[in-house]
There are 2 protein chains.
Amino acid sequence: MGPVRQLLSGVDLTEQQWRVLRVVQESGPIDPTQIADQACLLLPSLTRILQKLEEKGFIDRARDETDRRRQVVTLTATGMEVIEQNIDASLALIERTREKMGAEDYEALLDLLRKLNGLEL
Amino acid sequence: MGPVRQLLSGVDLTEQQWRVLRVVQESGPIDPTQIADQACLLLPSLTRILQKLEEKGFIDRARDETDRRRQVVTLTATGMEVIEQNIDASLALIERTREKMGAEDYEALLDLLRKLNGLEL
DNA sequence: CCAAACTACTTAACATGTTATGCTTATGCG
DNA sequence: CGCATAAGCATAACATGTTAAGTAGTTTGG
């Protein structure tokens with residue numbers, strides 16, 4: 001993750017903050033529980049991350065009027081800009097890693113990690 | 001790591017504290033820089049962990065009289081006891097994970113992780 | 001219909017990850 | 001020898017991981 005942190009340091013974002021932004025971008029309006037699931041974060045961590053992202057003006061949070069326990073997280077225009085400005089470098093970094101490892105090994109690693117993650121120990 | 005944390009919660013040790021204890025046990029008297037290397041920890045984290053382990057009475061720290069910048073970390077009798085009391089369950093947990101994943105996949109995962117770790121991005 | 005159980009999220013407290021900085025002791029070199 | 005530099009740790013500051021509790025809103029069984 002070192003290169004990722006370096007990439008994001010220019011816009012004052014951490015790995016996790018970036019990951020959450022990307023999840024919101026790809027999913028559209030979404031509630032924290034689903035974000036946590038997709039970003040592999042526990043809710044207490046996500047709570048703090050969403051607070052930071054809101055302070056920075058990258059997301060908005062609204063109460064879900066159907067179920068008032070829930071929130072709806074949305075990207076702001078600023079948030080979309082930040083993603084646009086960094087997405088190419090981010091994807092390039094992933095691709096570079098994939099090439100350095102070899103595509104087959106890269107996929108094999110992901111599969112094995114998913115398998116380990118799915119295990120009941 | 002969930003099961004590991006559960007295993008160690010009985011003796012009030014965290015994963016990393018346990019890992020450091022194990023490194024010291026296997027290496028014998030050793031300095032913090034080498035511990036950090038073997039346990040995959042950064043020195044600031046290790047500093048705090050060693051402080052905790054010393055408070056708990058599981059390790060001793062002495063200045064290296066040859067090079068007074070260095071320390072020598074040693075297991076105490078209490079530290080050895082804690083390891084003896086938990087090592088079997090710890091190894092059993094590793095073995096169980098290995099079996100659940102399948103030995104081949106388990107080894108393949110370790111190899112791929114080592115490969116990724118060795119990569120220069 | 002209502003109290004108990006549950007869900008979604010927050011807060012708190014402590015441990016660690018990460019980067020930058022500081023301090024002390026060693027080393028290399030002119 | 002004497003100083004600049006480097007090595008080995010410690011500290012500080014902030015972000016996250018992890019577990020336990022707390023709060024508000026919802027659902028459900030009697």
Side-chain angles (χ1 to χ4, degrees), chain A residues 1-21 23-24 29-56 58-74 117 121, chain B residues 1-21 23-24 29-56 58-74 117 121:
Chain A
M1 296 309 294
V4 176
R5 285 193 296 273
Q6 191 187 341
L7 170 67
L8 296 171
S9 64
V11 281
D12 190 34
L13 278 177
T14 66
E15 311 161 26
Q16 289 82 350
Q17 289 165 7
W18 172 252
R19 190 147 35 102
V20 168
L21 278 185
V23 167
V24 177
I30 185 176
D31 61 277
T33 299
Q34 290 185 62
I35 296 175
D37 181 56
Q38 292 190 41
C40 292
L41 293 168
L42 297 176
L43 271 172
S45 293
L46 184 61
T47 295
R48 288 176 306 213
I49 293 168
L50 290 177
Q51 287 165 351
K52 295 285 179 187
L53 289 175
E54 192 172 25
E55 284 171 22
K56 298 181 192 215
F58 296 153
I59 61 165
D60 279 330
R61 290 200 283 177
R63 205 167 37 211
D64 180 333
E65 289 305 332
T66 305
D67 182 342
R68 293 158 41 121
R69 292 170 302 185
R70 283 199 171 80
Q71 296 176 13
V72 182
V73 178
T74 318
N117 188 239
L121 304 174
Chain B
M1 295 310 292
V4 176
R5 285 193 296 274
Q6 190 188 340
L7 170 67
L8 297 171
S9 63
V11 282
D12 189 35
L13 278 177
T14 66
E15 311 162 25
Q16 289 82 350
Q17 290 166 5
W18 172 252
R19 189 146 38 101
V20 169
L21 278 186
V23 167
V24 177
I30 185 176
D31 61 277
T33 298
Q34 290 185 62
I35 296 176
D37 182 56
Q38 292 190 41
C40 291
L41 293 168
L42 296 177
L43 271 172
S45 294
L46 184 61
T47 295
R48 288 175 307 210
I49 292 169
L50 290 176
Q51 287 165 351
K52 295 285 178 184
L53 289 175
E54 193 171 27
E55 286 172 21
K56 297 180 195 221
F58 296 152
I59 62 164
D60 279 329
R61 291 199 283 177
R63 203 165 42 207
D64 181 331
E65 289 305 333
T66 305
D67 182 341
R68 295 164 37 123
R69 293 170 303 183
R70 282 199 170 81
Q71 294 175 15
V72 182
V73 178
T74 318
N117 186 240
L121 304 174

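Residue numbering restarts at 1 for every chain, and letters A, B, ... go by the order of the sequence lines. The analysis underlying the following values was restricted to heavy atoms, covering all of them including side chains, and did not include hydrogens, waters or symmetry mates. None of the values given here were measured: they were computed from a predicted structure.
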Tell me, with the steps shown, if Val23(A) and Ile30(A) meet side-chain contact (heavy atoms from CB on, under 4.5 Å).
-> CA-CA 9 Å; Val23(A) 167; Ile30(A) 185 176; 4.3 Å; yes
Identify, with sequence neighbours excluded, every residue that meets salt bridge (Lys or Arg N to Asp or Glu O under 4.0 Å) alongside Arg19(B).
-> none
With heavy atoms under 4.0 Å as the rule, sort Gln6(A) into base, sugar-phosphate or nothing.
-> nothing
List the steps, then state whether side-chain contact (heavy atoms from CB on, under 4.5 Å) holds for Leu41(B) with Gln16(B).
-> CA-CA 9 Å; Leu41(B) 293 168; Gln16(B) 289 82 350; 4.1 Å; yes
side-chain contact (heavy atoms from CB on, under 4.5 Å) evaluation trace for Gln71(A) with Arg63(A) = CA-CA 4 Å; Gln71(A) 296 176 13; Arg63(A) 205 167 37 211; 5.9 Å; no
Sorted by chain and number, sequence neighbours left out, salt bridge (Lys or Arg N to Asp or Glu O under 4.0 Å) with Asp64(A) holds for none
With a non-hydrogen cut-off below 4.0 angstrom, is Glu15(A) in contact with a base, only sugar-phosphate, or nothing?
-> nothing
Considering only distance and modelled atom types, tabulate donor-acceptor pairs under 3.5 Å from the side chains of residues 43-50 of chain A, sequence neighbours left out.
| from | atom 1 | to | atom 2 | distance (Å) |
| --- | --- | --- | --- | --- |
| Thr47(A) | OG1 | Leu43(A) | O | 3.0 |

Considering residues at least two apart in sequence or located in another chain, which fulfil the side-chain hydrogen bond (donor to acceptor under 3.5 Å, both in side chains) criterion with Arg68(B)?
-> none
Name the residue closer to the 5' end of DNA chain C, choosing between Thr33(A) and Arg5(A) according to the nucleotide with the nearest heavy atom.
-> Thr33(A)
Tell me, please, which residues at least two apart from Leu13(B) pass side chain to side chain contact (heavy atoms under 4.5 Å, CB included).
-> Leu8(B), Val11(B), Gln17(B), Trp18(B), Leu21(B), Leu53(B), Phe58(B), Val82(B)
Apply salt bridge (Lys or Arg N to Asp or Glu O under 4.0 Å) to Lys52(A) and list each qualifying residue two or more places apart in sequence or on a separate chain.
-> none
Does Gln51(B) offer a backbone N or O that forms a donor-acceptor pair with the side chain of Lys56(B) under 3.5 Å?
-> no
For each nucleotide in nucleotides 22-29 of chain C, reading 5' to 3', give B when a protein heavy atom comes within less than 4.0 Å of its base, S when such contact involves only the sugar-phosphate, and - otherwise.
-> ---BS---
Identify, with sequence neighbours excluded, every residue that meets side chain to side chain contact (heavy atoms under 4.5 Å, CB included) alongside Gln6(A).
-> none
Rounded interatomic separation in angstrom, taking CD1 from Ile49(A) and P from dT11(C) = 15 Å
Give the intermediate values and the outcome of side-chain contact (heavy atoms from CB on, under 4.5 Å) for residues Ile35(A) and Val20(A).
-> CA-CA 7 Å; Ile35(A) 296 175; Val20(A) 168; 4.0 Å; yes
Between which nucleotides of DNA chain D, read 5' to 3', does contact with chain A run, using atoms under 4.0 Å from its heavy atoms?
-> dA15(D) to dT26(D)
For Ile30(A) and dA8(C), what is the distance between atoms CD1 and C1' respectively, to the nearest whole Å?
-> 14 Å
Within residues 34-47 of chain A, the residues having a heavy atom closer than 4.0 Å to DNA chain C are Leu43(A), Pro44(A), Thr47(A)
Rounded to 10°, the angle between the first-five-pair and last-five-pair axes of the helix from dC1(C)-dG30(D) to dG30(C)-dC1(D) is 10°
Going by the salt bridge (charged side-chain N to carboxylate O under 4.0 Å, His left out) test, which pairs reach into residues 31-44 of chain A, not counting sequence neighbours?
-> none
Which part of the nucleic acid, if any, lies within reach of Arg19(A) when heavy atoms closer than 4.0 Å are counted: base, sugar-phosphate only, or nothing?
-> nothing
Nearest to side-chain heavy atoms of Arg48(A), which nucleotide of dA13(C), dC9(C), dT10(C) | dA13(C)
